[in-house]
K.L.:
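To start, I am sharing the structure in question, which I have written as structure tokens.
Given the structure is predicted, the values throughout are model-derived calculations rather than measurements.
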Amino acid sequence: MSAQRNKIHPHKYSLWIAMGSITMMFIGFTSAYIVKRAQANWKVFELPKIFWVSTAVILLSSVTIQLAVKVFKQRQMGRYRQLITLTAALGVVFAALQLWGFSDMAAHGLTLAGPASVSFIYVIVAMHILHVLGGVVALLVMFFRAYRTNVKVYSPVGIEVAATYWHFVDALWIYLLIFLSVAR
């Protein structure tokens with residue numbers, strides 16, 4: 001029995017494999033970014049200030065999902081539903097702010113077809129947005145499951161997996177923002 005307790009849940013194991021793969025992808029992007037900085041047409045520019053606001057939003061969403069884990073374990077299902085809904089909404093707001101940053105860049109003539117430095121920003125940030133939206137979809141699935149009345153399962157594995165992923169995309173964004181601010 002104790003040997004079984006030491007095993008990692010298959011969903012958590014799969015999540016760690018996925019996060020490892022995602023990490024490798026972004027390491028590849030940032031490595032390529034560093035290598036390409038030596039190009040003659042590399043253009044240095046300021047990141048949109050709205051990216052910093054979106055950072056505050058995603059940090060707040062990490063707080064709300066951690067609170068969701070806590071209240072789920074206390075079986076406060078009404079509060080749990082509110083917190084995962086709020087977390088998903090903050091994820092959507094984060095993505096919208098990122099897209100606003102894209103429109104700000106485009107307004108300043110920094111388009112995807114422009115210099116390589118600009119193209120890298122679009123690709124790296126867009127890939128991160130897609131991963132955040134994937135997390136939003138998972139949260140919405142959990143939200144609808146929480147409202148089902150015919151099944152009452154109080155296993156915290158689902159919310160723990162979602163919270164781990166959410167903290168991962170949060171930390172990944174902070175890494176990317178620092179990297180893109182410093183390695184220009």
K.L.:
Taking all heavy atoms of Ile65 and all of Ile159, pick out the closest pair and write down the distance.
P.N.:
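Scanning both residues, the minimum pair turns out to be CG1-CD1, 4.3 Å.
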
K.L.:
Locate the shortest heavy-atom distance separating Met19 from Thr164; write the atom from each residue and the value.
P.N.:
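Closest heavy-atom pair between Met19 and Thr164: CE-CG2, 3.8 Å.
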
K.L.:
Rounded at 0.5 Å granularity, tell me how far CE in Met25 sits from OG1 in Thr30.
P.N.:
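Going from CE on Met25 over to OG1 on Thr30, the span is 10.5 Å.
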
K.L.:
Mind checking whether His11 and His9 have parallel, tilted or perpendicular rings, split at 30° and 60°?
P.N.:
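Rings of His11 and His9: tilted, as their planes differ by 30° to 60°.
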
K.L.:
Please answer: with hydrophobic residues joined when any side-chain heavy atoms are less than 4.5 Å apart, are Phe29 and Met24 in the same cluster?
P.N.:
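Looking at the clustering, Met24 is in a separate group from Phe29.
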
K.L.:
State, to 0.1 Å, how close Ala95 and Leu133 come at their nearest heavy-atom pair, and which atoms those are.
P.N.:
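Closest approach of Ala95 to Leu133: CB-CD2, 3.9 Å.
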
K.L.:
Could you tell me the separation between the OG1 atom of Thr85 and the CE atom of Met142, rounded to the nearest 0.5 Å?
P.N.:
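One gets 11.0 Å once the value is rounded to the nearest 0.5 Å.
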
K.L.:
Suppose the criterion is side-chain hydrogen bond (donor to acceptor under 3.5 Å, both in side chains): which pairs have a residue in residues 124-138, not counting sequence neighbours?
P.N.:
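Those involving residues 124-138 do not exist here.
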
K.L.:
Find out whether Val132 and Ile58 are in side-chain contact, i.e. whether some heavy atom of one side chain is under 4.5 Å from a heavy atom of the other.
P.N.:
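Yes, at least one pair of side-chain atoms sits under 4.5 Å.
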
K.L.:
Check the pair Ile129, Leu99 against side-chain contact (heavy atoms from CB on, under 4.5 Å), reporting the backbone distance first and the verdict last.
P.N.:
CA-CA 9 Å; Ile129 290 171; Leu99 295 176; 4.2 Å; yes

K.L.:
By the definition ring-ring contact (aromatic ring centres under 6.0 Å, His included), identify the one residue from Trp173, Phe94, Trp100 that meets it with Phe51.
P.N.:
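Per the ring-ring contact (aromatic ring centres under 6.0 Å, His included) rule, the option paired with Phe51 is Trp173, out of Trp173, Phe94, Trp100.
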
K.L.:
Between CG of Leu97 and CD1 of Ile50, what distance do you get to the nearest 0.5 Å?
P.N.:
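If I round to the nearest 0.5 Å, the distance is 5.0 Å.
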
K.L.:
Side-chain heavy atoms under 4.5 angstrom apart, residues restricted to Ile, Leu, Val, Met, Phe, Trp, Tyr: same cluster for Leu83 and Phe144?
P.N.:
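Cluster IDs for Leu83 and Phe144 match.
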
K.L.:
Apply side-chain contact (heavy atoms from CB on, under 4.5 Å) to the pair Val137 and Leu140, showing each step before the final yes or no.
P.N.:
CA-CA 5 Å; Val137 169; Leu140 291 176; 5.6 Å; no

K.L.:
Determine the minimum heavy-atom distance between Ser181 and Trp52, stating which atoms define it.
P.N.:
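Residues Ser181 and Trp52, closest heavy atoms: OG-CZ2, 3.6 Å.
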
K.L.:
Tell me whether Ser31 contacts the main-chain N or O of Gly28 through its side chain, where contact means a donor paired with an acceptor under 3.5 Å.
P.N.:
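No, because the side chain of Ser31 does not come within donor-acceptor range (under 3.5 Å) of the backbone of Gly28.
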
K.L.:
Yes or no on side-chain contact (heavy atoms from CB on, under 4.5 Å) for Phe72 and Ser155, after CA distance, side-chain angles and deciding distance?
P.N.:
CA-CA 9 Å; Phe72 181 90; Ser155 170; 5.9 Å; no

K.L.:
Starting from Tyr165, can I reach Tyr13 by hopping between I/L/V/M/F/W/Y residues whose side chains sit under 4.5 Å apart?
P.N.:
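Same hydrophobic cluster.
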
K.L.:
So which atom in Met105 and which in Pro48 form the shortest heavy-atom distance, rounded to 0.1 Å?
P.N.:
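The answer is CG-CG, 3.4 Å.
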
K.L.:
Does the Arg81 side chain pair with the main chain of Ala146, one donor and one acceptor, at a distance under 3.5 Å?
P.N.:
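Flag set: sc Arg81 to bb Ala146 pair under 3.5 Å.
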
K.L.:
Is there a side-chain contact between Gln76 and Lys70, using heavy atoms and a 4.5 Å cut-off?
P.N.:
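The answer is no, as the side chains (C-beta and beyond) never meet within the 4.5 Å cut-off.
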
K.L.:
Checking side-chain contact (heavy atoms from CB on, under 4.5 Å) for the pair Arg37/Ile34: CA distance, chi angles, key distance, verdict?
P.N.:
CA-CA 5 Å; Arg37 281 189 318 179; Ile34 290 170; 4.1 Å; yes

K.L.:
State the CG-CG distance between Leu60 and Leu86, to the nearest 0.5 angstrom.
P.N.:
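Those atoms lie 6.5 Å apart.
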
K.L.:
Tell me if the aromatic rings of Phe179 and Tyr33 count as close, with their centers under 6.0 Å from one another.
P.N.:
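Aromatic pair counts; centres sit under 6.0 Å.
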
K.L.:
Which pair of non-hydrogen atoms, one from Asp170 and one from Ser62, has the smallest distance, and what is that distance?
P.N.:
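Where Asp170 meets Ser62 most closely, the heavy atoms are OD2-OG, 2.5 Å.
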
K.L.:
Do the side chains of Met77 and Val141 join up, straight or via other hydrophobic residues, at under 4.5 Å, putting them in one cluster?
P.N.:
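Result: no, two separate clusters.
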
K.L.:
Roughly how far, to the nearest 0.5 Å, is the NE2 atom of His167 from the OG atom of Ser61?
P.N.:
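So the gap between those two atoms works out to 9.0 Å.
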
K.L.:
Calculate, to the nearest 0.5 Å, the distance between atoms CD1 and CD1 belonging to Ile22 and Ile27 respectively.
P.N.:
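Result: 12.0 Å between the selected atoms.
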
K.L.:
Less than 3.5 Å apart, which donor and acceptor atoms pair up between the side chains of residues 108-121 and the rest of the protein, not counting sequence neighbours?
P.N.:
unit_1: His108; atom_1: ND1; unit_2: Asp104; atom_2: O; d: 2.8
unit_1: Ser117; atom_1: OG; unit_2: Lys43; atom_2: N; d: 3.3
unit_1: Ser117; atom_1: OG; unit_2: Lys43; atom_2: O; d: 2.6
unit_1: Ser119; atom_1: OG; unit_2: Leu112; atom_2: O; d: 2.6
unit_1: Ser119; atom_1: OG; unit_2: Pro115; atom_2: O; d: 3.4

K.L.:
Do Trp166 and Thr87 have side-chain N/O donor and acceptor atoms under 3.5 Å apart?
P.N.:
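Per modelled atom types, Trp166 and Thr87 side chains form no pair under 3.5 Å.
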
K.L.:
Tell me whether Val57 is reachable from Leu130 by hopping between hydrophobic residues (I, L, V, M, F, W, Y) whose side-chain heavy atoms are closer than 4.5 Å.
P.N.:
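Leu130 clusters together with Val57.
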
K.L.:
Which ILVMFWY residues can you reach from Ile174 by hopping between side chains whose heavy atoms are under 4.5 Å apart?
P.N.:
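Once heavy-atom contacts under 4.5 Å are chained together, Ile174 belongs with Leu59, Ile178, Val182.
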
